[in-house]
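Both backbone and side-chain heavy atoms feed into the values below; hydrogens, waters and symmetry mates do not.
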Amino acid sequence: MIGESPRAAFGAVRKMTTVTPSFVGAVCAVGVLAVSAFAHQADPTFALVAALLLSTCAIGFTLDDEAAATLAASPTSIRRRRSLAASLGLPPIFVAWCGALAVVDRAWPALHIDVVALAVEITALALLTLAMAARWGGATASICTPAFVLVLTVFAIRFNGLPSLQLDSQWHERWLLVALAALAWFIFELRDPAAAAFPDRK
């Protein structure tokens with residue numbers, strides 16, 4: 001069977017991909033920070049964490065494509081379909097954090113945020129959500145990601161060396177390890193289960 005062209009594949013995936021949750025999460029993320037700013041909170045850490053989770057948890061729903069192989073006239077591989085679907089969910093996160101940083105910079109000018117460190121943290125959680133969504137579905141991933149952050153925060157209080165949500169912590173750089181591990185997991189989940197079960201099948 002002749003494979004679909006990249007444009008046709010992207011068009012098919014775009015029609016079957018649910019991006020609304022990602023946009024809703026992005027709007028809510030900026031909204032949380034805006035409310036915190038209007039409330040004149042001295043420390044926006046909690047609002048930043050809430051915005052972080054709201055903007056990244058919803059991206060998992062872009063991979064809920066169980067019917068894609070049935071509905072598509074010439075279905076693409078799972079690897080390509082999931083990669084394209086994930087790329088459709090990333091722009092809302094980017095837009096959300098551009099808006100979030102603009103709000104933080106205006107409301108808390110004395111707060112010097114390490115943009116690179118924050119970007120690594122956002123990437124880690126987004127990739128983690130995508131990996132879990134590829135394995136268990138978007139709804140499960142949207143619950144597991146906040147649970148992971150909660151457990152990590154609780155354990156980080158007692159044990160040094162775990163990735164920290166505090167941008168000024170010496171352990172915040174450990175989020176890079178989380179991002180790399182999540183990326184490896186997501187790539188692993190991009191495999192075609194049928195191809196893995198029948199490696200010699202053409």
Side-chain angles (χ1 to χ4, degrees), residues 19-63 86-134 136 138-157 161-183 185-186:
V19 296
T20 301
S22 294
F23 281 102
V24 172
V27 172
C28 290
V30 178
V32 165
L33 285 171
V35 170
S36 180
F38 281 119
H40 301 289
Q41 292 186 356
D43 186 3
T45 300
F46 178 79
L48 277 171
V49 172
L52 179 71
L53 292 175
L54 284 169
S55 62
T56 56
C57 290
I59 193 176
F61 288 99
T62 60
L63 299 187
S87 68
L88 290 172
L90 290 175
I93 295 179
F94 174 75
V95 173
W97 279 97
C98 284
L101 290 176
V103 171
V104 171
D105 183 63
R106 184 176 181 84
W108 297 277
L111 184 65
H112 302 290
I113 293 181
D114 188 340
V115 178
V116 174
L118 186 60
V120 170
E121 187 176 331
I122 295 169
T123 301
L125 288 180
L127 288 173
L128 186 63
T129 303
L130 285 171
M132 289 189 290
W136 298 302
T140 301
S142 67
I143 297 173
C144 289
T145 300
F148 168 79
V149 172
L150 177 62
V151 171
L152 189 65
T153 302
V154 171
F155 275 88
I157 296 175
L162 294 176
S164 174
L165 289 171
Q166 296 293 333
L167 293 176
D168 57 350
S169 171
Q170 62 176 323
W171 306 117
H172 190 272
E173 61 185 18
R174 296 292 175 89
W175 279 105
L176 178 59
L177 299 178
V178 178
L180 293 176
L183 177 61
W185 185 11
F186 179 57

field: W185 and L128, any side-chain heavy atoms less than 4.5 Å apart
entry: yes
task: First locate atom CD of E121, then atom CG of L48, and finally report the distance between them rounded to the nearest 0.5 Å.
output: 9.0 Å
query: At their closest point, which heavy atom of A96 faces which heavy atom of A26, and how far apart are they?
result: CB-CB, 3.4 Å
- prompt: So how far is it from M132 CE to L127 CG, rounded to the nearest 0.5 Å?
  reply: 11.0 Å
query: Would you call F23 and V95 a side-chain contact if the rule is heavy atoms closer than 4.5 Å?
result: no
statement: In this structure, CD1 of I93 is separated from OG1 of T129 (nearest 0.5 Å) by 7.5 Å
Interatomic spacing from CG in L52 to CG in L118 - rounded to 0.5 Å: 7.0 Å
field: Whether S36 side chain and V32 backbone form a donor-acceptor pair below 3.5 Å
entry: no
message: So which atom in A141 and which in A133 form the shortest heavy-atom distance, rounded to 0.1 Å?
response: CB-N, 3.6 Å
message: For A139, is there any backbone N or O sitting under 3.5 Å from a side-chain donor or acceptor partner on S142?
response: yes
field: Heavy-atom pair with the smallest gap, counting every atom of A29 and S55
entry: CB-CB, 3.9 Å
- prompt: Do T62 and L130 pass the side-chain contact (heavy atoms from CB on, under 4.5 Å) test, and can you show the C-alpha distance, the side-chain angles, and the key distance before you say yes or no?
  reply: CA-CA 9 Å; T62 60; L130 285 171; 4.2 Å; yes
task: Would you indicate whether the side-chain heavy atoms of T153 and V49 approach each other to under 4.5 Å?
output: no
I122 side, atom CD1; L53 side, atom CG - distance, nearest 0.5 Å: 11.0 Å
- request: Would you check, one step at a time, whether the test side-chain contact (heavy atoms from CB on, under 4.5 Å) holds for T123 with W175?
  value: CA-CA 9 Å; T123 301; W175 279 105; over 6 Å; no
Minimum heavy-atom distance between V178 and P163, given as atom pair plus value: CG2-CG, 3.7 Å
query: Could you state the interatomic distance from CG (L33) to CZ (F46), rounded to the nearest 0.5 Å?
result: 11.0 Å
